[in-house]
Structure formats: C-alpha cells, structure tokens
Amino acid sequence: MSELFEDMRVGTLRAKNRLVRAATYEALATEDGRITPELQAVYEELAAGGVGTVIVGYAYVTPDEQPNPRMLSICDDALVPAYRALVEAAHAHGAAIVSQIVYGGSATKLDPPSARILGPSAVPHPKTGIVPVEATTADLCALASAFADAAARAQAAGFDGVELHAAHGYLLSQFLNPLLNRRADAYGGSLENRARFLLEVVDAVRARVGTTFPLLVKLNSSDGVDGGLTEDDSLAVAKLLAAHGVSAIEVSGAWRACRMRDFDGEPFFAAYARRLARAVDIPVILTGGNRSVAAMERLVREDGIAGFGLCRPLICEPDLPRRWQADPHAKPRCISCNGCSTTSGHRCLLPARE
C-alpha cells in the first residue's frame, strides 16, 4: 500500500490517510459566522471525496473581532450544535475533522474593519495598512481565555482536534514577527519573548481541553521578508511548542511563493519541513504545492513527514484523494491560477471534469 494512504496519527486523532484538507476561507457562513447549508455541503463533499482529515476554515474567537466577512465564528456556545452536525457528517464519510481558530488582528479584510483591533504593537500591517491598538497584558490574558473557550467548544462539538492559526500574518504570527512586534516588555524583543503569547495561548487551551485532545498549530516556515521570522527562528518556536504539549505542527509560509503554475514535484516548504521533522518528536504536516503522489511518498519514507495539506487542488477536485488512490500517477487538474480566490464561495474556474 502507498505510504500516502497509511493511517495518520496525531495524538488521539486517527485518520485513514495522510491527506489533509488545509483550512480554507470560503466566505459562505452567515454574516454572524454561522454554518449555512451551502457551507455544510462543501465539507460533506470534501469528506466524501476521500481526504483523511478536514481542517475547517478558520473561525474567529471573539465577537468583536471578525477578520473577514462571512467567515465562521466559534465565540458562542449556541454554535456548538451546528458544529456537531458538521462533525457527524464528516465522520459518516470516514473523515477526521479539526476546527481551526484565529484572531485576525490587523490582517483583517473586513470593510469597515472591526471597531477595536489588537496587535503586538501599533505598527501598520504591510498588506492592509491598518494600525492596531497595542494589546495590554490584560488584553492578552482575555484573548488567551477566548482561544481556550473556543477550543472547548470545538471539543464539545466532537471535533477530532483544534488548530491554532499562527501563520499568514494573523495575530499569533504577528507576535513572532519582529517587524510587527516592537514591544519592550516580556512579549517583545528576544524570540523567546515574542513566542511568549503563543505559548500562553497553548497553555490556556491545554488547561481547558486536557492533555490528550489533539492540539495543532499552523506555523510559518518563515515570514518570507527581510527582518521577519526566519526559518531558524521558526524551528526554535516549533521546539517550544512541542515542549508545551502541542500535538502536531502544520508547516506553511509566505503565500506569494505559491502562485507558480509549474511544479517539479517538490512542495513549496519541503526543505523546511525536513528540518522540522528532524528537530521535533511530534507529527509534521506539510502544506503548499503538494501535487505529486511520488514526491509525498518520498517525504514520508525518507523524511518522516506525517501528512500533507491541500487547498486549491481540493477546491478544483474534492474527490482527488480517491483518484490518487486508484491511480497514483493521476495529475491534478488544478493549475494554481488562484482564480478561485476571486469567486463567490471560492469556486474553481476550470470547467467541470467530464
């Protein structure tokens, strides 16, 4: 059997294969972050398509801060029953399912943005230009509790795990980035200080959900800009996360590197993932540019990579895992044109497969 279709284990999570649907923003929730029938259908189609694990597109953890319009919320206990129905539908198709939670901060695309946006420092975000309010220690304590409450709701809904989004310029990754974190207190300066808030969130979540509930962290391999988080910094943070009881790390990075149309079989952040897998004793999930079964099998066999996240290929072909299982040489239809990011519901622009 192909290494790609072996079970993947992340703590108590048991997935039927190593393919992971990386969390994706669909913009299909209600304005106040509730699951809609259309969004439910997207996840059921993914689960039915054969992917081993579905990571549900990010959900905001506080009611006063919504990073993007029509994204999911997980900041109210009243949302748990709808999430439970989503989990049960995924499980019915044999897929594990994980909730991703986030505080966006100044990376918001909401227009107008939330009234009060917290950040590590009052520094304009390089993409949005938004200047956040520098979070006080009381703010950070409240945010850590909000993440913990959100994780507890995910656990109550029956999710197989929860993932903290600490990549792609959102708040948790902003604290790691010295360009955005210019604090002079215990949360700024050295890498250990810049990682402090992320580790406090991890500890708060662990205190609420226990030591066995799978807790993943999505982490940039680097910020991809001079003066930002480097790969060596990221490796050091990953070691701290592992020491604080994180169950797995999903590797990501600067997404401008992911607009290529031609793939030579090497995923975008594979070199970093190799280093990471040697540095920590927890599973590493590699996201970005996974288009070749042979390349992924080699990364499992030679480098110990535990799983592989896919986003755009599964937007194009939700049943790609089944196709790959039947024919490991099958070429994905996705050309990484990013056209899906411009459509309502993030739909593929290519004509349907005949």
Side-chain angles (χ1 to χ4, degrees), residues 8-13 20 22-23 53 55 58 61 98-103 120 140 143-148 150-151 154-155 160-178 180-181 186-223 228-253 269 272-288 303-307 309:
M8 183 184 76
R9 300 186 178 189
V10 176
T12 60
L13 184 154
V20 177
T53 305
I55 303 181
Y58 54 8
V61 300
V98 171
S99 172
Q100 186 189 78
I101 57 179
V102 70
Y103 184 98
L140 297 182
L143 278 176
S145 294
F147 273 104
Q155 186 180 41
D160 298 292
V162 66
E163 181 177 67
L164 302 177
H165 198 337
H168 300 176
Y170 297 114
L171 182 74
L172 294 178
S173 67
Q174 290 175 15
F175 268 86
L176 301 176
N177 184 336
L180 297 177
N181 182 349
Y187 295 94
S190 69
L191 180 62
E192 291 75 13
N193 280 358
R194 286 183 278 121
R196 188 181 305 276
F197 179 53
L198 173 56
L199 297 176
E200 288 180 351
V201 171
V202 167
D203 291 345
V205 169
R206 272 283 170 243
R208 286 296 303 279
V209 302
T211 59
T212 60
F213 188 62
L215 171 57
L216 297 77
V217 173
K218 189 166 191 172
L219 185 67
N220 276 355
S221 54
S222 75
D223 289 331
L229 186 79
T230 67
E231 287 194 1
D232 287 343
D233 289 343
S234 182
L235 285 171
V237 172
K239 291 177 183 178
L240 293 171
L241 290 168
H244 278 250
V246 166
S247 308
I249 293 174
E250 181 188 358
V251 173
S252 191
F269 310 114
Y272 170 85
R274 289 189 185 97
R275 295 180 65 195
L276 178 58
R278 291 193 297 268
V280 296
D281 59 359
I282 58 175
V284 171
I285 297 169
L286 172 58
T287 291
D303 301 294
I305 305 302

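This structure is a prediction, so every number in the text was calculated from the model and none was measured. For reference, positions follow the sequence shown, starting with 1.
The two residues L176 and V237 have their closest heavy-atom pair at CD2-CG2, 4.1 Å. Heavy-atom minimum distance, N181 versus Q174: CB-O, 3.7 Å. Annotation for A146 and V61: closest pair CB-O, 3.8 Å, computed over non-hydrogen atoms. Residue K239 comes nearest to A279 through the heavy atom pair CE-CB, 3.7 Å, listed as atom of the first residue, atom of the second, then distance. V246 approaches V202 most closely through the heavy-atom pair CG2-CG1, 3.9 Å. Nearest heavy-atom pair, D303 versus A277, reported as atom, atom and distance to 0.1 Å: O-CB, 3.5 Å.
The pair D232-R275 meets the salt-bridge criterion, with a side-chain N (NZ, NE, NH1 or NH2) lying under 4.0 Å from an Asp/Glu carboxylate O.
Ring geometry for Y187 versus F197: interplanar angle over 60°, hence perpendicular rather than tilted (30 to 60°). Ring pair Y58/H165 is tilted by interplanar angle, where 30° to 60° counts as tilted.
Note: L240 CG to R196 CZ = 10.5 Å, rounded to the nearest 0.5 Å. We find the CD1-CG distance between I305 and L276 to be 7.5 Å, quoted to the nearest 0.5 Å. Taken from CD1 in I285 to CD1 in I249, the straight-line distance is 10.0 Å, to the nearest 0.5 Å. Summarising the geometry, atom CG belonging to N177 is positioned 9.0 Å from atom CG belonging to N220; distances are rounded to the nearest 0.5 Å. In this structure, CG in L198 is found 7.0 Å from CG in L164, a value given to the nearest 0.5 Å. Taking CG of L13 as the reference point, atom CG of L215 lies at 12.0 Å (rounded to 0.5 Å).
Here the side chains of T12 and P214 are in contact, with some heavy-atom distance below 4.5 Å. Using a 4.5 Å cut-off on side-chain heavy atoms (C-beta onward), L140 and F175 make contact. Inter-residue side-chain proximity for T287 and V251 is flagged as unmet; no heavy-atom pair is nearer than 4.5 Å.
Summarising the local packing, CZ of R274 is surrounded by more than 12 heavy atoms from other residues, nucleotides or ligands at distances under 6.0 Å.
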How far apart are the C-alpha atoms of V102 and L172, what are their side-chain angles, what is the distance that settles it, and do they pass the side-chain contact (heavy atoms from CB on, under 4.5 Å) test?
CA-CA 8 Å; V102 70; L172 294 178; over 6 Å; no
Show, in sequence, the C-alpha distance, side-chain angles and deciding distance for L216 and E250, and conclude whether the side-chain contact (heavy atoms from CB on, under 4.5 Å) test is met.
CA-CA 7 Å; L216 297 77; E250 181 188 358; 5.6 Å; no
Quick one, I55 with K218, criterion side-chain contact (heavy atoms from CB on, under 4.5 Å). Give me CA distance, side-chain angles, the key distance, then yes/no.
CA-CA 11 Å; I55 303 181; K218 189 166 191 172; over 6 Å; no
Apply side-chain contact (heavy atoms from CB on, under 4.5 Å) to the pair R208 and Q155, showing each step before the final yes or no.
CA-CA 10 Å; R208 286 296 303 279; Q155 186 180 41; over 6 Å; no
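Partner of Y272 under the side-chain hydrogen bond (donor to acceptor under 3.5 Å, both in side chains) criterion, chosen from S221, S222, S234: S234.
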